[in-house]
Every structure is written in structure tokens, then in C-alpha cells.
Amino acid sequence: MLLVIMGAQGTGKGTVSGILCDELGIMQLSTGDIFRKNIKEKTRLGIEADKYISQGQLVPDEITVPMVAEALDSDEAKAGVILDGFPRTTEQAKQLDEMLKQRNKEIDMVINLISPREEIIDRMITRRVCPNCKATFNIKINKPKVEGICDKCGTKLTQREDDKSEEAINNRLEIYDTQTAPVLKYYEEKGIVQNEEITISKNRLADKAAKHIIEMLKDVEK
Ligand code: AMP
């Protein structure tokens, strides 16, 4: 199974992907997580990518695309993959099509998460992540059982560097509007997009959206 999860930053892609991976036994391929791991480990890829990420800019395709291809070929990807954070431009979407064609695969569903803008800015500021297992929490709407500690693995939660600066948050949202939103159009034309609303105002959070997606996927499989 191959899924792509889309939506502006802070809509809940990480949380929904985490639930889908647990329920469906597939692998979450998050380009942002791979970059952050490399930054932490100070690899060459990490040092190069950090120049862009710390500014809220996109990492160039020459770095990102081969990294995704390598992850798609990994053993963990065999059971299925949910792509989170890739593709982010129409060019990347076309390169993904090419990659999949070469591997005799195709996208089963593109999940598009939709949330009001004022909610997502607040969610980014209040987001906390586990640097070990990548679980995502929120100090307002998805609190860990013990304050500051990951429910899944007991590691101390941190705040993403690019969630700390208002400038980086605004930059990322602007890139989403100008470069990533057209990717959705590209997939809508292929008829594979499933829209899912996530909003506190209607008490429709990530768990409900994930449950609905799993139901939809059962229909796709039939
Ligand atoms: P994310 O965790 O998906 O919000 O990604 C964090 C940062 O990593 C982004 O703001 C970009 O700087 C970089 N990044 C992640 N995915 C991509 C991608 N597909 N293309 C370029 N840069 C990316």
C-alpha cells in the first residue's frame, strides 16, 4: 500500500500518519524526520539540509529525491509506506511518479488534511515531539500522560527548532501556499485525493480522521 499524506504544517500529518502506521502495519516515510535525524547526527546530508531547514526553506531536490528513493527501497518499506512531507512541489510529484513507475507501484490514496489557519499556527507553537520514536503531542489538545515525557518510549519531549520562530512558521506556510498547494491540484486531476477535516471547533481531531481514512481504505481494497 502506498499513501501520501498532505496538508499545511500543523494540520496533524504526523499524528494521523502515526495512527495509520500502527493500525495498518505500514512504514511512515517522513522526509522531515529523516532530515532531523541527520541534523542531530551531524551527517553531511544533515549539515547541508540544516542550512535550508533552519530558515524554513525547502531542501533542494538533488538532496531530497535520492533520499526518498533510497527509503522506498528499504526493507521496512516492503509492507507499505505512507509518505509524509514528500512530494512538496509539483516537480517532486512528477519525480515520484517516475520513481514509482520504475518500481511498478502506484499511489493508492492521497490524504489531504484541512484545518483552519488560526488553529494550525497555534498547534505548531504548542506541538511537542519525541526525538526518539517521533511520536507527536500537543500541550493543549493531545497532552502526554506525564508532562514532557513521551507516552510511547519515555523519552523527554522537545520542541522542533522550526516551530520556535514565528518567521520560520510563516515562511513554511507561505511555501505551502505557493508550492505545495499546486501538488494537491495535480493529484486531484488524477482523482485520488481524499479530503479530511481536522478542527478543534467541531471536535474532529486526528483520531477521528484516521479512523475514517482506514474505513475508506477498506473500500479502496475491495
Ligand atoms: P516537515 O517535518 O515535513 O515539516 O519538514 C521539515 C523541513 O524539512 C521543511 O520545512 C523543509 O525545510 C524540509 N523538507 C521536508 N520535506 C521536504 C521536501 N519534500 N522537499 C524539500 N524540503 C523538505
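We count ligands from 1, going down the list as the structure has it; atoms in each ligand are counted the same way.
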Please report which non-hydrogen protein atom sits nearest to [atom], along with the residue it belongs to and the distance in Å to one decimal place.
{"atom": "atom 14 (N) of ligand 1", "answer": "Phe35 CE1, 3.6 Å"}
{"atom": "atom 10 (O) of ligand 1", "answer": "Arg172 CG, 3.9 Å"}
{"atom": "atom 15 (C) of ligand 1", "answer": "Arg88 NH1, 3.2 Å"}
{"atom": "atom 4 (O) of ligand 1", "answer": "Arg160 NH2, 3.0 Å"}
{"atom": "atom 12 (O) of ligand 1", "answer": "Gln57 O, 2.5 Å"}

Under 4.0 Å to a heavy atom of [X] - the qualifying atoms of ligand 1, by number:
{"X": "Thr64", "value": "18 (C), 19 (N), 20 (N), 21 (C)"}
{"X": "Val59", "value": "13 (C), 21 (C), 22 (N)"}
{"X": "Gly85", "value": "16 (N), 17 (C), 18 (C), 19 (N)"}
{"X": "Phe86", "value": "19 (N)"}
{"X": "Thr31", "value": "15 (C), 16 (N), 17 (C), 19 (N)"}
{"X": "Gln92", "value": "18 (C), 19 (N), 20 (N), 21 (C)"}

Please say yes or no: joined through hydrophobic side-chain contacts below 4.5 Å, possibly via intermediate residues, are Leu24 and Ile213 part of one cluster?
yes
Would you compute the distance between atom CG of Leu45 and atom CG of Asn38 and round it to the nearest 0.5 angstrom?
4.5 Å
If we only count heavy atoms from C-beta on, is the [X] to [Y] side-chain gap below 4.5 Å?
{"X": "Cys133", "Y": "Cys150", "answer": "yes"}
{"X": "Ile5", "Y": "Leu113", "answer": "yes"}
{"X": "Lys208", "Y": "Asn203", "answer": "yes"}

Best match, Ile53, Ile39, Leu83, Asp61: closest heavy atom to atom 13 (C) of ligand 1:
Ile53
Ligand 1 contact by Tyr52, heavy-atom criterion under 4.0 angstrom:
no
Under a heavy-atom criterion of less than 4.0 Å, does Arg36 contact ligand 1?
yes
Donor-acceptor pair, Arg172 side chain versus Asp162 backbone, under 3.5 Å?
yes
Salt-bridge criterion met for Glu91 and Lys94 (N-O under 4.0 Å)
no
Side chains of Asp61 and Gln92: donor-acceptor distance under 3.5 Å anywhere?
yes
Carefully, step by step, assess Glu41 and Lys37 under the rule salt bridge (charged side-chain N to carboxylate O under 4.0 Å, His left out).
CA-CA 6 Å; Glu41 291 169 0; Lys37 183 171 183 279; 3.5 Å; yes
